[in-house]
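Worksheet for the structure shown next.
What you see is a predicted model; the values in this text were computed from it and never measured.
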Amino acid sequence: KYQYMLKGFDQNWSPPDKKHSATYTNLDPGTYTFMVKGSNNDGIWNEQPAEITIHILPPWHQTLWFRFLAVISLLLLIFAVFQVRTKAIRKQKVILEQNVQERTLALQEEVQQRQAIEEQLREANLQLQDQVDEITTLKDQLHELAIRDDLTGLYNRRYLNDTLKIYIANAQRENKPISIMLIDIDRFKSINDEYGHTMGDEVLAAIAKKLDTTTREGDFACRYGGEEFVIVFSNLNLDNALARAEELRQSIAEMPLGKTVQTRHITISIGVCTFPDLAANKDDLLNNADDALYEAKRQGRNRVIAYHK
């Protein structure tokens, strides 16, 4: 009979049996010792069993070298994936940098274009402002030409008619008087006839300059027409207006006719009227002053006459 045991797998000896074979399946990889002992017909077992060492190799997918290759392959795969990912990221970074650079250049060009447009607009605005200023200046000049007398530089009759209405309205609101002087150069026609129109123009300009220096702030002098002038005095009553008119008459009477004619002097006649004591409105004020001037002429010229109702 025989008994056997696979050391490393069996815990005990197999039961005695006459079989000459032993079968083991599903052994794990490793080293085993297969031991066999036998007995004779007398039932005596041999003391030293026979032994054989068995090496069970693991399957190829469980070998160390396979695991090593698997680890290496996995590492290589991870590295390859990392490289591919890194390359993709670098490529994407290059593309992004190119896009950023292109966009930056586009923005710079756009900014430069906007700056150029803004500069053009600024220059256009400056030119437009210059044109507006020029137009305003021309407008002011035209307005001055429209209200100024070319020869004397005094205001003209149009300015008198427009402005006197405003003065009278202010005087009514503030309950203050307005006085006017209507002035005529005596025998002016004879000056033109005897000395020529150039001398006549010089006389008109000299008288106008004198009248302009007579006015105060808030007063104004106008050329009424031909050799007639008007001075409008704000907040001046009749007595003070008569005194101012007399001073003006005497001052002009001392003026020579011109630089080349020192022996002949200029005289003027003045008609004075005051609002609201002697006139109810602008037309009354001018007409009544004209009546007073006519009376001064009738009485012999070179005098001041106030209008009386």
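No donor-acceptor distance shorter than 3.5 angstrom exists from the side chain of R249 to the backbone of I252, with no hydrogens or angles considered. Under the 3.5 Å distance criterion, the side-chain polar atoms of N288 are matched with a main-chain donor or acceptor of L278. A side-chain donor-acceptor contact under 3.5 Å links R303 to the backbone of R301. Under a 3.5 Å cut-off, the side chain of N156 and the backbone N or O of A146 do form a donor-acceptor pair. The main-chain N or O of M255 is found under 3.5 Å from a side-chain atom of H265 such that the two form a donor-acceptor pair. Although no hydrogens or angles enter the test, the distance criterion places a donor-acceptor pair under 3.5 Å between the side chain of Y167 and the main chain of G218. A donor-acceptor pair is defined here as one N or O able to donate and one able to accept, closer than 3.5 Å; no such pair exists between the side chain of E228 and the backbone of I183.
A salt bridge does not link R114 to E118: none of the charged side-chain nitrogens sits closer than 4.0 Å to a carboxylate oxygen. The pair D186-K297 meets the salt-bridge criterion, since a charged nitrogen lies less than 4.0 angstrom from a carboxylate oxygen.
Looking at every heavy atom in both residues, F229 comes nearest to L154 through CD2-CD1, 3.7 Å. The minimum heavy-atom distance linking L164 with K282 is given by the pair CD2-CG, 3.5 Å. Closest non-hydrogen pair, M181 versus A241, comes out as CE-O, 3.4 Å. For the pair V272 and A292, the tightest heavy-atom approach, listed with the atom from each and the gap, is N-CB, 3.9 Å. The heavy-atom pair separating L182 from L286 by the smallest distance is CD2-O, 4.4 Å. Closest non-hydrogen pair, T214 versus R244, comes out as O-NH2, 2.7 Å.
In the displayed structure, N40 atom CG is contacted under 6.0 Å by more than 12 heavy atoms of other residues, nucleotides or ligands. Within 6.0 Å of OH on Y2 lie no more than 12 heavy atoms contributed by other residues, nucleotides or ligands. Within 6.0 Å of OH in Y24 there are more than 12 heavy atoms belonging to other residues, nucleotides or ligands. Around atom CD1 of I72, more than 12 heavy atoms belonging to other residues, nucleotides or ligands sit under 6.0 Å away. The environment of CD in E123 is crowded: more than 12 heavy-atom neighbours from other residues, nucleotides or ligands sit within 6.0 Å. By the 6.0 Å contact criterion, CZ on R216 is enclosed, its count of non-hydrogen atoms from other residues, nucleotides or ligands being greater than 12. The environment of Y294 atom OH is sparse: at most 12 non-hydrogen atoms of other residues, nucleotides or ligands sit within 6.0 angstrom.
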Applying ring-ring contact (aromatic ring centres under 6.0 Å, His included) to F220 and Y159, what does each step give before you reach the verdict?
CA-CA 10 Å; F220 64 92; Y159 180 84; 5.4 Å; yes
Show your working on side chain to side chain contact (heavy atoms under 4.5 Å, CB included) between L6 and L27 and close with a plain yes or no.
CA-CA 11 Å; L6 185 61; L27 292 176; 3.9 Å; yes
Under the side chain to side chain contact (heavy atoms under 4.5 Å, CB included) criterion, do E102 and N99 qualify, and how do the steps go?
CA-CA 5 Å; E102 292 175 358; N99 291 337; 4.1 Å; yes
Would L204 and I185 count as a side chain to side chain contact (heavy atoms under 4.5 Å, CB included) here? Give the steps.
CA-CA 9 Å; L204 290 173; I185 302 175; 3.6 Å; yes
Could you go step by step and tell me if Q250 and E254 meet the side chain to side chain donor-acceptor pair (under 3.5 Å) rule?
CA-CA 7 Å; Q250 293 178 10; E254 296 174 358; over 6 Å; no
R187 vs I191, side chain to side chain contact (heavy atoms under 4.5 Å, CB included): CA-CA, chis, key distance, verdict:
CA-CA 7 Å; R187 299 183 176 85; I191 296 175; 5.9 Å; no
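Residues I147 and L211 are members of separate hydrophobic clusters, defined by side-chain heavy-atom contacts under 4.5 angstrom among Ile, Leu, Val, Met, Phe, Trp and Tyr. Clustering ILVMFWY residues whenever any of their side-chain heavy atoms sit less than 4.5 angstrom apart, transitively, puts V304 in a cluster other than the one holding I178. Under the 4.5 Å side-chain heavy-atom criterion for Ile, Leu, Val, Met, Phe, Trp and Tyr, I231 and Y307 are members of the same hydrophobic cluster. The cluster map of Ile, Leu, Val, Met, Phe, Trp and Tyr, joined by side-chain heavy atoms under 4.5 Å apart, puts F9 and I54 in the same cluster. Hydrophobic clustering keeps M5 apart from Y32 (ILVMFWY residues linked when any side-chain heavy atoms are closer than 4.5 Å, directly or through intermediates).
Note that R148 lies in the cation-pi zone of Y155, set by a 6.0 Å cut-off to the ring centre and a 45° limit from the axis.
Side-chain contact annotation: Y4 with D10, donor-acceptor N/O pair under 3.5 Å absent. Under the 3.5 Å distance criterion, with hydrogens and angles disregarded, no donor-acceptor pair is assigned to the side chains of N125 and R122. In summary, the side chains of Q108 and Q112 do not present any donor paired with an acceptor at a separation below 3.5 Å, with no hydrogens or angles considered. Inspection of the D149 and T152 side chains reveals an N or O donor paired with an N or O acceptor under 3.5 Å.
Contact of the E134 side chain with the D130 side chain is not registered, since no non-hydrogen atoms from C-beta on lie closer than 4.5 Å.
The structure places OG1 of T213 at 8.5 Å from CG of L248, a figure rounded to the nearest 0.5 Å. Note that OG1 of T267 and CG of D184 are 9.5 Å apart. Values are rounded to the nearest 0.5 Å. To the nearest 0.5 Å, the span separating CG on L121 from CG on L128 amounts to 11.0 Å. Taken to the nearest 0.5 Å, the CD atom of E227 stands 12.5 Å off from the CD1 atom of I268. Rounded to the nearest 0.5 angstrom, N175 CG and N170 CG are separated by 13.0 Å. In this structure, CG on L285 lies 5.0 Å from SG on C273, to the nearest 0.5 angstrom.
Tested against Q3 for a side chain to side chain contact (heavy atoms under 4.5 Å, CB included), the candidates P49, P15, S39, P16 yield a single pass: P16.
Pairs engaging residues 64-79 under the side chain to side chain donor-acceptor pair (under 3.5 Å) rule: T63-W65 [sequence neighbours left out].
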